[in-house]
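Right, one structure below, let's go through it.
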Amino acid sequence: MRVALPTKEGQIFLQYDKAKEFTIYDVEIELVKSKEIVVLKEMSIADFLDIQHINAVICADIRSAGKTLLRTKRIEVTYGVTGNADDVMVRYLSGEALGTVEENAWLRMELDEKIKEDI
């Protein structure tokens, strides 16, 4: 799983749509395997999400257009979160409730269907 946080100097950047860099965490079995800071330069956030194969985004403030983009790409978004990015990832991986979680409705429906098939 790849989790992206818009950051500036190690802190979650407050405006998702104005972010110039993202910190990406590769996570396996609730452990961070690697961390990388990606500067967007001229790349759009939509292209960044595709190129980096992002599964989840944790951010402070995100507009409805940003949420819609994440929904269409089936990316989980957790918003309303501030602080040091590394600390936030530790809290996220430990299962602590952070901000507001908005999962993609289609993904949730697919999982529900799979569970029904397994029953």
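Along the sequence shown, the residues carry numbers beginning at 1. Just so it is clear, the model here is predicted, and its values are computed rather than measured. Below, each value reflects all heavy atoms present in this structure, side chains not excepted, and no hydrogens, waters or symmetry copies.
The NZ atom of Lys20 lies 8.5 Å from the CD1 atom of Ile45; values are rounded to the nearest 0.5 Å. Taking OG1 of Thr68 as the start and CZ of Arg63 as the end, the distance is 13.0 Å to the nearest 0.5 Å. Here CZ of Phe13 is found 9.5 Å from CD of Glu21. Values are rounded to the nearest 0.5 Å.
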Please output the side-chain donor-acceptor pairs of residues 34-43 that fall under 3.5 Å, not counting sequence neighbours, one pair per line with the distance.
{"from": "Ser34", "atom 1": "OG", "to": "Asp26", "atom 2": "OD2", "distance (Å)": "2.8"}
{"from": "Lys35", "atom 1": "NZ", "to": "Asp86", "atom 2": "OD1", "distance (Å)": "3.0"}
{"from": "Lys35", "atom 1": "NZ", "to": "Asp86", "atom 2": "OD2", "distance (Å)": "3.0"}

Pairs under 3.5 angstrom only: tabulate donor-acceptor contacts from the side chains of residues 49-62 to other protein residues two or more places apart or in another chain.
{"from": "Asp50", "atom 1": "OD1", "to": "Lys73", "atom 2": "NZ", "distance (Å)": "3.0"}
{"from": "Asp50", "atom 1": "OD2", "to": "Lys73", "atom 2": "NZ", "distance (Å)": "3.0"}
{"from": "Gln52", "atom 1": "OE1", "to": "Arg2", "atom 2": "NH2", "distance (Å)": "2.6"}
{"from": "Asn55", "atom 1": "OD1", "to": "Arg2", "atom 2": "N", "distance (Å)": "2.7"}

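When the side chains of ILVMFWY residues are joined at heavy-atom separations under 4.5 Å, either directly or via intervening members, Phe22 and Tyr92 end up in two distinct hydrophobic clusters. In this structure, Tyr79 is not a member of the same hydrophobic cluster as Val3, with clusters built from ILVMFWY side-chain heavy atoms closer than 4.5 Å. Taken together through direct or relayed side-chain contacts under 4.5 Å among Ile, Leu, Val, Met, Phe, Trp and Tyr, Ile24 and Met1 form parts of separate hydrophobic clusters.
Exactly one of Thr82, Ile12, Thr78 qualifies for a side-chain contact (heavy atoms from CB on, under 4.5 Å) with Val88. That residue is Ile12.
Sequence neighbours left out, not one pair with a member in residues 23-45 passes ring-ring contact (aromatic ring centres under 6.0 Å, His included).
Alongside Ile29, the hydrophobic cluster contains no other residue (criterion: ILVMFWY side chains under 4.5 Å).
Here the closest heavy-atom approach between residue Gly99 and residue Val81 is recorded as N-CG2, 3.9 Å.
With sequence neighbours excluded, no residue forms a side chain to side chain donor-acceptor pair (under 3.5 Å) with Gln15. Glu96 meets the side chain to side chain contact (heavy atoms under 4.5 Å, CB included) test with Arg91, Ser94, Leu98; sequence neighbours excluded.
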